[in-house]
Visitor: 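Would you mind keeping the following structure in view while I ask a few things?
No experiment lies behind these values; they were computed from the predicted model shown. Protein chains get the first letters and strands the later ones, always in sequence-line order, with residue 1 at the start of each. Because only heavy atoms are used, hydrogens play no part in the values below, and waters and symmetry mates are left out as well, while side chains stay in.
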Amino acid sequence: MKGHGLRYNRWFTPWVLVIPALTWLLVFNLWPSINTVILSFTNARPIGGGTFVGLKNFETLLHDEQLRWALLNSVIYMVVCLPFLTVLPLLLAVLVEKKLPGITFFRTAFYTPVVASAVVVALIWQWILDDRGLVNGLAEKLGVISGPLPFLSDQWLLLLSAISLTIWKGLGYYMIIYLAALGNVGRDLHEAAAVDGAGPLRRFVHITVPGVRGTMILISILISVSALRVFSELFILSGGKGGPGGRDNSVVMLIQQYSQGFEGNLGYASALSIVLFFVTVVPMLILARLNRKGAEA
Amino acid sequence: MSVVTDPARPAVVGEPEGPKRRRRTGSFGFNTISPREKVARYALLVFVLLITIGPFLWQLSTSLKGSGEDIYTRIPRLLPAQPTFDHYKAVTDTIPVWDYARNSLVVAVLVVGGNIIGASLAGFALSRLQFRGRRIVLGLFLATLVLPGEVTIISQYVTVREFGLANTLFGVALPGMIGALNVLLMFNAFRALPLEVDHAAIVDGANAWQRFLYIGLPSVRGTISVVAIFAFIGAWDDFLWPLIVLTDPDKYTLTVGLQYLSGTFANNPRLIAAGTMIAFVPIVIVFATLQRFFFKGVEEGAVKG
């Protein structure tokens with residue numbers, strides 16, 4: 001950064017340029033962060049009001065059975081998504097890296113699920129996973145199952161369906177990030193290894209993977225955080241109800257439920273937001289630590 | 001002045017096709033590629049293509065299948081036997097899909113416009129001008145990246161409500177109109193310009209505004225298009241925030257409207273399919289048209305690990 005920027009302007013010019021963005025940052029990022037903490041000690045409602053209630057919301061959190069399910073779901077979500085979404089997109093990136101004729105088409109096509117709204121793809125999957133949908137139809141025809149599998153009404157199958165949807169939708173996104181990173185992996189290393197008789201698999205494990213290690217850790221952080229923040233997939237696949245007995249809610253789904261209607265409670269929703277914050281910070285800290293350790297080793 | 005080095009749009013002409021570029025990116029197989037490997041690669045590509053695009057095609061096919069056609073058959077047919085656009089008409093007759101689309105478009109345009117203007121102004125000032133407090137401001141923008149948006153969504157709603165903008169489209173667009181990430185992307189893009197260009201312009205008597213308009217902006221068009229594409233897709237696809245802000249059905253954006261569509265027509269997948277296609281096709285067209293800029297921008301460092 002040093003050496004950049006020149007002082008050939010009036011003192012207020014930079015501020016005139018920065019102030020719109022800074023205003024947005026203060027009004028829509030920093031103030032809401034502080035206000036979330038303040039609100040969590042109140043019983044604010046969707047229709048105005050809100051008085052100080054002390055730690056009541058946090059006491060309620062401790063006995064909230066739905067929150068316990070939501071946290072369990074989040075952890076399962078993260079644990080399943082992590083291996084699939086760190087490995088598969090890397091393989092895809094290696095596949096589309098080579099500039100074969102038509103490769104741009106494939107890259108764009110693989111990215112399409114990312115571009116589509118989560119609502120759209122969840123509605124598409126809802127139909128595919130329907131009792132009378134494509135997956136059940138094909139499986140029955142092949143004789144794998146005798147009756148339709150309740151992908152959308154069983155607690156665990158619903159969670160699994162949402163997880164598969166998230167993985168499917170995320171493939172292209174992480175593929176692109178890996179693709180950017182692969183550009184920096186030296187070709188001469190591959191050439192040297194090939195001369196030494198290393199096959200594609202060995203070169204992948206010993207050159208490509210170490211070469212994108214930093215990106216891999218970044219991607220793991222992105223996957224963990226977005227798995228913990230899941231909303232649309234579970235919301236749409238469960239028809240907004242959070243599965244049988246509300247056991248397929250995510251933390252964000254609970255926050256959304258408390259934000260609306262006569263049952264709404266913005267104070268409690270804010271307390272849930274604080275839980276969400278701490279939950280998402282944990283994987284970031286763990287992975288950042290791993291990163292530092294790996295760099296030292 | 002012709003030396004532009006926007007990381008998202010390097011001015012080096014024809015680089016991706018050049019031999020230098022190929023040497024840097026190709027990591028498997030070398031100068032030539034064996035026919036066997038080629039076949040294997042294309043087979044894999046087509047396999048993945050089926051997985052990623054298949055569901056969309058299936059939905060498109062469902063939306064076109066005639067009402068008399070059995071869509072529940074155990075032997076699924078991809079091509080409709082009695083293709084028809086009836087369901088598109090039925091969806092638009094029963095649900096104001098075009099109004100929803102217009103609402104989504106209004107929000108997306110506001111968000112794209114706000115980000116292009118706000119983020120490039122701030123990015124330019126932070127990277128090309130010197131002022132007291134610059135580092136602190138930059139640090140603030142970086143710090144907010146750690147915070148997931150969902151954590152503050154409730155108090156953001158409270159803020160928007162206090163402005164009297166709850167249940168308005170402007171309220172949906174407002175918080176996203178200048179994103180911290182976009183400011184940082186623009187900051188990076190402007191920073192890559194060589195300082196000498198600024199020096200020369202200053203000698204010629206150009207002030208900060210002129211340097212912004214005539215030197216800065218034209219050389220970061222690549223990053224601006226990446227910011228614009230991301231902002232558009234983000235706004236068009238967003239679901240949670242409009243769901244919280246909007247209560248009035250005629251103000252719904254497409255995503256919120258679609259969700260109600262699925263509740264209303266739960267027993268007619270053809271109609272839901274038609275509705276999802278109406279939401280899906282515009283974004284695909286936007287992306288397909290601009291994907292050139294997007295992939296270039298992303299590969300050249302707009303999203304670098």
Side-chain angles (χ1 to χ4, degrees), chain A residues 4-9 13-14 17-18 20-22 24-25 28-29 32-33 35-36 39 95 97 106 108-110 112-113 115-120 123-124 127-128 132 134 137 140-141 176-177 180-181 183 185 187 190 200 214-215 218 225 229 231-232 252 259 266 269-270 273 276-277 280, chain B residues 23-28 44-45 48-49 52-53 55 58-59 72 74 76 118 121-122 124-125 127-131 137 140 144 147-148 150-152 154-156 159 175 178 180 183 191 198 202 208 233 237 239-240 244 255 258-259 262 269 272 276 279-280 283 287 291 298-299 303-305:
Chain A
H4 273 274
L6 301 154
R7 193 185 268 288
Y8 286 102
N9 46 263
T13 313
L17 300 179
V18 165
L22 198 57
W24 250 261
L25 189 77
F28 295 111
N29 285 108
S33 328
N35 201 24
T36 303
L39 283 169
L95 182 66
E97 190 197 10
F106 285 105
T108 313
F110 295 175
T112 310
V115 175
S117 161
V119 174
V120 166
L123 287 173
I124 293 177
W127 167 224
I128 290 179
R132 297 183 292 174
L134 186 63
E140 277 182 65
K141 184 176 179 290
I176 291 293
I177 302 182
V185 180
R187 181 186 136 99
H190 277 287
T215 309
L218 173 85
V225 174
R229 294 160 47 191
F231 174 73
S232 305
V252 180
S259 76
L266 297 183
S270 301
S273 306
L276 180 69
F277 173 71
T280 49
Chain B
R23 189 173 314 139
R24 204 154 56 79
T25 49
S27 59
F28 272 62
L44 274 171
L45 284 169
V48 179
L49 183 72
T52 50
I53 296 298
W58 183 242
Q59 190 80 343
Y72 303 115
R74 280 203 191 172
L121 286 177
F124 180 80
S127 61
R128 314 297 294 182
L129 306 174
Q130 232 161 38
F131 58 100
V137 174
L140 281 178
T144 55
L147 201 66
E150 288 83 354
V151 169
T152 54
I154 293 298
S155 44
Q156 241 175 38
T159 306
I178 306 180
V183 171
R191 208 167 54 137
D198 270 16
I202 288 163
I233 294 175
D237 289 350
F239 178 49
L240 176 59
I244 289 178
T255 50
L258 272 182
Q259 181 246 324
S262 85
I272 300 171
T276 51
F280 173 64
I283 202 82
F287 184 67
Q291 50 87 10
V298 170
E299 261 190 272
V303 185
K304 197 137 261 179

Visitor: Side chain, backbone, both or neither: which part of A:Leu123 has a non-hydrogen atom closer than 4.5 Å to chain B?
Guide: both
Visitor: Mind ranking B:Leu240, B:Ile233, B:Thr159 by heavy-atom pairs under 4.5 Å with chain A and telling me who comes out on top?
Guide: B:Leu240
Visitor: As an exercise, state the distance from CD of B:Gln59 to CG of A:Leu134, rounded to the nearest 0.5 Å.
Guide: 11.0 Å
Visitor: Heavy-atom cut-off 4.5 Å, strictly under: side chain, backbone, both or neither for B:Glu150 against chain A?
Guide: both
Visitor: Looking only at heavy atoms and a cut-off of under 4.5 Å, which of A:Ile124, A:Val225, A:Thr13, A:Leu22 has the most pairs with chain B?
Guide: A:Ile124
Visitor: Pick from A:Ser33, A:Ser117, A:Ala269: which one has the most heavy-atom pairs with chain B under 4.5 Å?
Guide: A:Ser117
Visitor: With rounding to the nearest 0.5 angstrom, report the CZ to OG1 distance, A:Phe106 to B:Thr52.
Guide: 9.5 Å
Visitor: Examine whether an atom of B:Gln291 lies under 4.5 Å from a heavy atom of chain A, and if so say whether it belongs to the side chain, the backbone or both; otherwise answer neither.
Guide: side chain
Visitor: Under the side-chain contact (heavy atoms from CB on, under 4.5 Å) criterion, do B:Phe239 and A:Val120 qualify, and how do the steps go?
Guide: CA-CA 10 Å; B:Phe239 178 49; A:Val120 166; over 6 Å; no
Visitor: Which pair of heavy atoms, one from B:Phe124 and one from B:Ala208, lies closest together, and at what distance?
Guide: CE2-O, 3.8 Å
Visitor: Return the option, out of A:Leu39, A:Val115, A:Asn35, with the maximum number of heavy-atom pairs under 4.5 Å with chain B.
Guide: A:Val115
Visitor: Name the member of A:Pro113, A:Ser259, A:Ser270 that forms the most heavy-atom pairs with chain B at distances under 4.5 Å.
Guide: A:Pro113
Visitor: Using a 4.5 Å cut-off on heavy atoms from C-beta on, say whether the side chain of B:Thr152 contacts that of A:Ser273.
Guide: no
Visitor: So which of B:Ile283, B:Thr276, B:Ile154 has the biggest tally of heavy-atom pairs under 4.5 Å with chain A?
Guide: B:Ile154
Visitor: Considering only heavy atoms, which portion of B:Thr255 lies under 4.5 Å from any heavy atom of chain A: side chain, backbone, both, or neither?
Guide: both
Visitor: So what's closer than 4.5 Å to chain B heavy atoms on A:Phe277: side chain, backbone, both or neither?
Guide: both
Visitor: Drop me the distance from B:Leu140's CG to A:Asn29's CG, to the nearest 0.5 angstrom.
Guide: 10.0 Å
Visitor: Among B:Ser155, B:Pro148, B:Ala122, B:Gly118, which residue has the highest count of heavy-atom pairs closer than 4.5 Å to chain A?
Guide: B:Ser155
Visitor: Please find the pair of heavy atoms, one from A:Pro14 and one from B:Gln130, that lie closest to each other, and give the distance.
Guide: CG-O, 4.3 Å
Visitor: What are the two closest non-hydrogen atoms of B:Ala125 and B:Phe131, and how far apart are they?
Guide: O-CE2, 3.6 Å
Visitor: So what's closer than 4.5 Å to chain B heavy atoms on A:Leu266: side chain, backbone, both or neither?
Guide: both
Visitor: For chain A, find which of B:Leu44, B:Leu147, B:Ile244 contributes the most heavy-atom pairs closer than 4.5 angstrom.
Guide: B:Ile244
Visitor: Is it the side chain or the backbone of A:Thr36 that comes within 4.5 Å of chain B heavy atoms, both, or neither?
Guide: both
Visitor: Let me know if A:Phe231 has heavy atoms under 4.5 Å from chain B in its side chain, its backbone, both or neither.
Guide: side chain
Visitor: When only pairs under 4.5 Å are counted, which of B:Leu258, B:Val183, B:Ile272 shares the most heavy-atom pairs with chain A?
Guide: B:Leu258
Visitor: Between B:Leu49 and A:Ala109, what is the shortest heavy-atom contact and its length?
Guide: CD1-CB, 3.3 Å
